[in-house]
Amino acid sequence: MARTNGSKTESVTEPPVAEASVATELEETTAIADEPEPVADTQDIDDSLNALKALLGTVEKLQKVRQEVGDIKPLLVRMLDGEVITGEELEQLKTGVGGLFKLVRAYTDHQTALAKAQPARELLDQVLKVRS
């Protein structure tokens, strides 16, 4: 907008209203974007932590059963090949085969707990996110 002041002509520029409102909206949007994302509600957090605890329990149980079963594969292979097995080896096989049932059950429980704990991954990513 040009103004005349006697012999001088001054040029005054004012930002249009539209540009001023865009700048204000941009500042507000930037401020909102800088705020951290809200973390899931308390029930989701509790459920995720309980699922992780259950998973940890099944991992411990699975490892314990694996140790109890031991390495019976060579004895099973020998038995399946028709070799004669001594009395002590036969007892190990009996114990090992009984333990295999426990191992299968522990493995199934572990897989179930693992599937239930997967939503915790997203929550952990959100909570443990390192800001750079």
Side-chain angles (χ1 to χ4, degrees):
M1 164 186 262
R3 291 185 190 170
T4 307
N5 185 5
S7 64
K8 285 186 176 178
T9 302
E10 294 180 16
S11 179
V12 178
T13 57
E14 295 178 8
V17 176
E19 286 182 23
S21 69
V22 170
T24 305
E25 288 179 25
L26 182 59
E27 289 172 5
E28 290 173 0
T29 305
T30 305
I32 292 171
D34 290 341
E35 294 177 10
E37 293 180 20
V39 180
D41 68 1
T42 306
Q43 184 63 36
D44 288 344
I45 293 170
D46 289 343
D47 291 346
S48 294
L49 291 176
N50 288 335
L52 288 173
K53 285 180 186 178
L55 178 60
L56 181 61
T58 60
V59 168
E60 289 174 342
K61 190 180 291 184
L62 184 60
Q63 288 178 341
K64 181 180 176 186
V65 172
R66 281 181 178 164
Q67 288 175 349
E68 288 175 1
V69 169
D71 190 18
I72 63 165
K73 184 177 178 181
L75 291 175
L76 285 172
V77 171
R78 285 179 46 206
M79 182 180 73
L80 291 170
D81 286 344
E83 291 184 29
V84 177
I85 297 174
T86 65
E88 184 179 314
E89 292 172 331
L90 187 57
E91 289 303 315
Q92 283 181 323
L93 271 175
K94 286 180 184 178
T95 304
V97 169
L100 286 176
F101 288 109
K102 289 181 187 176
L103 184 62
V104 168
R105 192 171 31 248
Y107 181 77
T108 303
D109 292 345
H110 174 258
Q111 292 300 310
T112 302
L114 187 61
K116 287 181 180 178
Q118 288 306 309
R121 183 179 297 222
E122 180 180 321
L123 178 64
L124 287 172
D125 286 344
Q126 205 176 21
V127 171
L128 300 176
K129 182 186 261 185
V130 178
R131 300 222 180 237
S132 38

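Small disclaimer: the values here were computed from a predicted structure and weren't measured.
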Find the distance between [atom1] ([X]) and [atom2] ([Y]) and round it off to the nearest 0.5 Å.
X    : Y    : atom1 : atom2 : value
L100 : T95  : CG    : OG1   : 11.0 Å
T86  : R78  : OG1   : CZ    : 7.0 Å
S48  : Q118 : OG    : CD    : 11.0 Å
L55  : K116 : CG    : NZ    : 11.5 Å
L123 : D44  : CG    : CG    : 7.5 Å
K61  : H110 : NZ    : NE2   : 12.0 Å

Linked, directly or transitively: [X] and [Y] (ILVMFWY side chains, under 4.5 Å):
X    : Y    : value
Y107 : V97  : yes
L128 : I45  : yes
L56  : L114 : no
V77  : V84  : no
L62  : V104 : no

- Sole residue of T112, T108, D109 in side-chain contact (heavy atoms from CB on, under 4.5 Å) with T58: D109
- Task: Apply salt bridge (charged side-chain N to carboxylate O under 4.0 Å, His left out) to E91 and list each qualifying residue two or more places apart in sequence or on a separate chain.
- Result: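 With sequence neighbours excluded, E91 shows a salt bridge (charged side-chain N to carboxylate O under 4.0 Å, His left out) to K94, given in chain and number order.
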- Message: Under the rule for salt bridge (charged side-chain N to carboxylate O under 4.0 Å, His left out), what residues qualify as partners of E88, not counting sequence neighbours?
- Response: none
- Query: How far apart are the closest heavy atoms of Q92 and L75, and which atoms are they?
  - Reply: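 So the two residues come closest at OE1-CD1, 3.3 Å.
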- Query: Nearest heavy-atom pair of G96 and V69: which atoms, and what distance?
  - Reply: O-CG1, 4.0 Å
- Tell me, yes or no, whether the heavy-atom count around E68 atom CD, taken from other residues, nucleotides or ligands under 6.0 Å, exceeds 12. yes
- Min side-chain heavy-atom separation M79-L76 under 4.5 Å: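 Counting from C-beta outward, M79 and L76 do come under 4.5 Å.
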